[in-house]
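Below you'll find the structure, written out as structure tokens, and then a few comments.
Naming: A, B, ... by sequence-line order, numbering from 1 per chain.
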Amino acid sequence: MEVGLWRGWVCRNLYGQMSERNSGKLRVRFAPSPTGFLHVGGARTALFNWLWARREGGTFVLRIEDTDLARSERRFAEGILEALRWLGLDWDELYYQSERLEIYRRYAQRLLDEGKAYHCFCTPEEVAARLGRNRGLEYDGHCRGLSEEERRRYLEEGRKPALRFVVPEEKKHTSFRDFLRGEISFERLTTGDFVIMKSDGTPTYNFACVIDDHEMGITHVLRAEDHISNTPKQIWIYEALGWEPPEFGHLSMILGPDRRKLSKRHGATSVEELRAQGFLPKAVVNYLATLGWSPPGGREIWEPEELIQAFSLDRVVTSPQVFDLEKLKWVNRKHLSRLSGKELFDAARPFLEWLGGEALRDEGKVIKALELVVPSISTLGELVGNPDLEVLFRPPELDGAVLEELSRPPAPEALERLLEALPDAISREGLKPLVHRVAGELGVRPREVFHPLRLALTGRGKGPELASICEVLGREEVARRIRKALELLEKGR
RNA sequence: GUCCCCGUCGUCUAGCGGUCUAGGAUCCCGGUCUUUCAAGCCGGAGGCGGGGGUUCGAAUCCCCCCGGGGACACCA
């Protein structure tokens with residue numbers, strides 16, 4: 001069957017079965033290794049699994065693959081958990097592979113007993129020496145048919161064996177069905193007898209992964225493309241253990257602007273960093289959801305709950321995606337503009353410390369201030385040191401250039417008249433008529449009154465709407481700042 | 001080197017043989033609104049990697065080429 005057809009067919013049928021059978025049947029997982037921060041590629045994989053599980057009323061399993069003692073770190077595992085929590089991707093079950101070593105050993109023993117695996121005493125160095133440094137060369141089977149004598153000698157040398165899985169030559173020509181891509185077949189997989197248990201007693205990825213996916217009842221493995229060539233190996237292990245493999249589907253990779261696998265050197269690529277920069281979690285979820293999945297109707301902005309409803313596998317594409325920070329910023333801006341005052345305050349809170357505790361005491365004022373400034377920013381990080389925001393809490397320093405501008409007519413006169421008229425008109429609606437009146441009295445255009453007022457209040461030529469600034473500052477503060485400006489002008493004369 | 005995957009505007013994508021002089025979004029450019037900047041609104045530029053087939057008809061199906069990416073560990 002052709003790929004396109006088959007894709008449509010499998011997706012539709014999958015859903016059919018799913019709802020007919022038992023809607024709680026789908027079990028998917030996300031299985032990160034805690035060797036670094038959660039990067040956006042991993043987050044996208046987690047998200048798709050989560051969306052799918054939630055959509056189908058299935059189970060989302062989180063499994064920390066920390067069998068590599070040398071590279072795994074507790075803090076990374078915690079960081080990943082925290083990042084997922086932040087994104088709102090809640091899991092139903094959580095496992096650590098490092099706590100399941102007995103299980104792997106048990107199955108490894110079984111494969112050994114059944115002659116489907118064998119001890120290998122070669123050190124990595126010896127194997128490398130025999131094969132050369134070239135990649136793509138397979139283990140030569142040196143230890144496959146070791147005699148008792150040889151075994152004993154190695155043991156006496158104090159060698160600890162690794163366990164290798166027997167891969168018959170004829171199995172290397174193989175194929176499997178990918179529920180996103182259709183049939184994937186391999187002319188000849190370049191895989192010799194591969195290690196399933198390391199000499200330190202921990203399992204390798206391909207082995208632990210199979211044992212766990214089976215033990216945890218995973219029905220569908222949805223992971224990134226870089227696992228395609230692992231899949232046949234894993235299927236062999238399922239077969240050797242007499243298990244039915246789950247269905248496999250492979251998402252594309254997420255690339256940097258240079259079309260290479262996204263990595264640290266591409267800038268902010270971990271969700272921790274995005275969080276630190278002030279992206280909203282639901283904006284990140286929204287953006288990531290549309291990387292490789294196209295929402296029906298072409299709508300761009302979605303709440304997480306809406307994504308769950310709209311998500312479907314048949315709109316997932318398998319070509320690689322470039323991570324576009326600009327688009328993420330746009331999505332973030334859209335979500336920022338949707339927040340309520342209270343939500344905005346809570347989200348912005350970590351980015352307001354620099355204003356000082358005193359400034360933050362009046363939550364109502366902070367919210368008003370944020371509502372003024374946020375439309376002009378893309379990330380909450382842009383609030384840090386933001387002059388438009390600062391000026392709402394601290395009087396501006398009027399520098400020489402500003403005073404110079406303010407000293408030019410009709411500015412001084414305009415400020416004085418505004419000050420006189422302030423007591424009766426400084427509401428949000430009242431400013432405009434007031435300015436127009438003063439402009440009329442002076443015989444100048446309104447902008448020649450607006451501009452000096454802006455300079456006196458903020459020390460800057462641009463910023464949010466003046467009336468709103470006045471409203472946030474309050475009449476007293478507005479008067480104080482105008483008076484201050486006039487004083488400085490007086491002094492400079 | 002071997003194997004695998006992928007290929008529509010710069011980027012994310014719609015597209016399942018005619019409705020495509022290829023639609024949307026972002027970015028960029030221009031205009032508009034406004035007391036300023038941004039946002040908003042309106043408009044514009046920009047693409048089916050190439051070549052062969054199949055067909056009355058191909059972005060859509062097939063083949064070759066080219067390009068990009070990935071995998072080949074006692075990492076996951």
Selected nucleotide, minimal atom distance to [X] side chain, candidates [options]:
{"X": "A:Y205", "options": "B:G10, B:A76, B:C5", "answer": "B:A76"}
{"X": "A:F186", "options": "B:A76, B:C5, B:C4", "answer": "B:C4"}
{"X": "A:D68", "options": "B:C75, B:G70, B:A14", "answer": "B:C75"}
{"X": "A:T318", "options": "B:C6, B:A14, B:G70", "answer": "B:C6"}
{"X": "A:S33", "options": "B:C74, B:A76, B:C4", "answer": "B:A76"}
{"X": "A:K261", "options": "B:G70, B:A76, B:C12", "answer": "B:G70"}
{"X": "A:V322", "options": "B:C72, B:C74, B:U11", "answer": "B:U11"}
{"X": "A:P320", "options": "B:C6, B:C12, B:A76", "answer": "B:C6"}
{"X": "A:S319", "options": "B:C75, B:G7, B:C5", "answer": "B:G7"}
{"X": "A:L291", "options": "B:C12, B:G70, B:C75", "answer": "B:C12"}

Starting from [atom2] on [N], measure out to [atom1] on [X] and report it in whole angstrom.
{"X": "A:H227", "N": "B:G69", "atom1": "NE2", "atom2": "C1'", "answer": "16 Å"}
{"X": "A:N230", "N": "B:A73", "atom1": "CG", "atom2": "P", "answer": "10 Å"}
{"X": "A:Q234", "N": "B:A76", "atom1": "CD", "atom2": "C1'", "answer": "11 Å"}
{"X": "A:I211", "N": "B:A76", "atom1": "CD1", "atom2": "P", "answer": "14 Å"}
{"X": "A:L328", "N": "B:U26", "atom1": "CG", "atom2": "P", "answer": "14 Å"}
{"X": "A:K233", "N": "B:C4", "atom1": "NZ", "atom2": "P", "answer": "15 Å"}
{"X": "A:L131", "N": "B:C72", "atom1": "CG", "atom2": "C1'", "answer": "13 Å"}
{"X": "A:D226", "N": "B:A73", "atom1": "CG", "atom2": "C1'", "answer": "15 Å"}

[atom1] gap between [N] and [M], integer Å:
{"N": "B:C3", "M": "B:C65", "atom1": "P", "result": "13 Å"}
{"N": "B:G67", "M": "B:G51", "atom1": "C1'", "result": "14 Å"}
{"N": "B:G7", "M": "B:G43", "atom1": "C1'", "result": "32 Å"}
{"N": "B:G49", "M": "B:C42", "atom1": "P", "result": "31 Å"}
{"N": "B:A71", "M": "B:U55", "atom1": "C1'", "result": "39 Å"}
{"N": "B:G57", "M": "B:U19", "atom1": "C1'", "result": "14 Å"}
{"N": "B:U26", "M": "B:U36", "atom1": "C1'", "result": "27 Å"}
{"N": "B:C27", "M": "B:G46", "atom1": "C1'", "result": "11 Å"}

If [N] has a Watson-Crick or G-U wobble mate with both distances under 3.5 Å, name it; if not, just say none.
{"N": "B:A14", "result": "none"}
{"N": "B:G40", "result": "B:U32"}
{"N": "B:A45", "result": "none"}
{"N": "B:U54", "result": "none"}
{"N": "B:C72", "result": "B:G1"}

Q | Donor-acceptor pair, side chain of A:R63 and main chain of A:M216, under 3.5 angstrom | A | no
Phosphate contact ([N] OP1 or OP2) by [X] side-chain N/O below 4.0 Å:
{"X": "A:K432", "N": "B:U35", "result": "yes"}
{"X": "A:R259", "N": "B:U11", "result": "yes"}
{"X": "A:S294", "N": "B:A14", "result": "yes"}
{"X": "A:R164", "N": "B:C74", "result": "yes"}
{"X": "A:K198", "N": "B:A76", "result": "yes"}
{"X": "A:Q321", "N": "B:U11", "result": "no"}

Q: State whether the number of non-hydrogen atoms from other residues, nucleotides or ligands found under 6.0 Å of A:R260 atom CZ is greater than 12.
A: no
Q) Just wondering, more than 12 heavy atoms not from A:E397 lying within 6.0 Å of its CD? A) no
Q) What do the steps show when you test A:Y107 against A:H214 for side chain to side chain donor-acceptor pair (under 3.5 Å), and what is the final call? A) CA-CA 12 Å; A:Y107 286 113; A:H214 174 78; 5.5 Å; no
Considering every strand and a 4.0 Å limit on heavy-atom distances, what is the contact class for [X]: base, sugar-phosphate, or nothing?
{"X": "A:E225", "answer": "base"}
{"X": "A:T202", "answer": "nothing"}
{"X": "A:S72", "answer": "nothing"}
{"X": "A:R445", "answer": "nothing"}

Q: Could you pull out all residues at least two apart from A:K160 that satisfy side chain to side chain contact (heavy atoms under 4.5 Å, CB included)?
A: A:S199
Q | Qualifying residues under side chain to side chain contact (heavy atoms under 4.5 Å, CB included), relative to A:A83, sequence neighbours excluded | A | A:L38, A:V271, A:E272
Q) With a cut-off of under 6.0 Å to the ring centre and 45° to the axis, is A:R144 in cation-pi contact with A:F121? A) no
Q: Tell me, please, whether A:Y139 has A:R164 positioned over its six-membered ring: NZ or CZ under 6.0 Å from the ring centre and within 45 degrees of its axis?
A: yes
Q.
Less than 4.0 angstrom from a charged side-chain N to a carboxylate O is my criterion; do A:R177 and A:E247 meet it?
A. no
Q.
Taking A:E78 first and then A:R75, would you say they form a salt bridge - that is, a charged N and a carboxylate O separated by under 4.0 Å?
A. no
Q) Are the aromatic rings of A:W293 and A:F311 close, with centres under 6.0 Å apart? A) yes
Q) Would you say the ring centroid of A:F194 lies under 6.0 angstrom from that of A:F207? A) no
Q: Decide yes or no, distance alone: a donor-acceptor N/O pair under 3.5 angstrom between the base of B:C72 and the side-chain of A:T191.
A: no
Q: Give a yes or no on whether a donor-acceptor pair under 3.5 Å exists between the nucleobase atoms of B:C75, that is its base, and the side chain of A:R71.
A: yes
Q: Could you say whether A:A162 or A:G292 is positioned toward the 5' end of RNA chain B, judged by the nucleotide with the nearest heavy atom to each?
A: A:G292
Check: protein-nucleotides 36-47 of chain B nitrogen or oxygen pairs below 3.5 Å:
{"residue": "B:U36", "atom": "O2", "partner": "A:G463", "partner atom": "N", "Å": "2.8"}
{"residue": "B:U36", "atom": "O2", "partner": "A:G463", "partner atom": "O", "Å": "3.3"}
{"residue": "B:U36", "atom": "N3", "partner": "A:R454", "partner atom": "NH2", "Å": "2.9"}
{"residue": "B:U36", "atom": "N3", "partner": "A:G463", "partner atom": "O", "Å": "2.5"}
{"residue": "B:U36", "atom": "O4", "partner": "A:R454", "partner atom": "NH2", "Å": "3.3"}
{"residue": "B:U36", "atom": "O4", "partner": "A:G463", "partner atom": "O", "Å": "3.4"}
{"residue": "B:U36", "atom": "O4", "partner": "A:P464", "partner atom": "O", "Å": "3.4"}
{"residue": "B:U36", "atom": "O4", "partner": "A:E465", "partner atom": "N", "Å": "3.3"}
{"residue": "B:C37", "atom": "N3", "partner": "A:G463", "partner atom": "O", "Å": "3.3"}
{"residue": "B:G40", "atom": "OP1", "partner": "A:K334", "partner atom": "NZ", "Å": "3.2"}

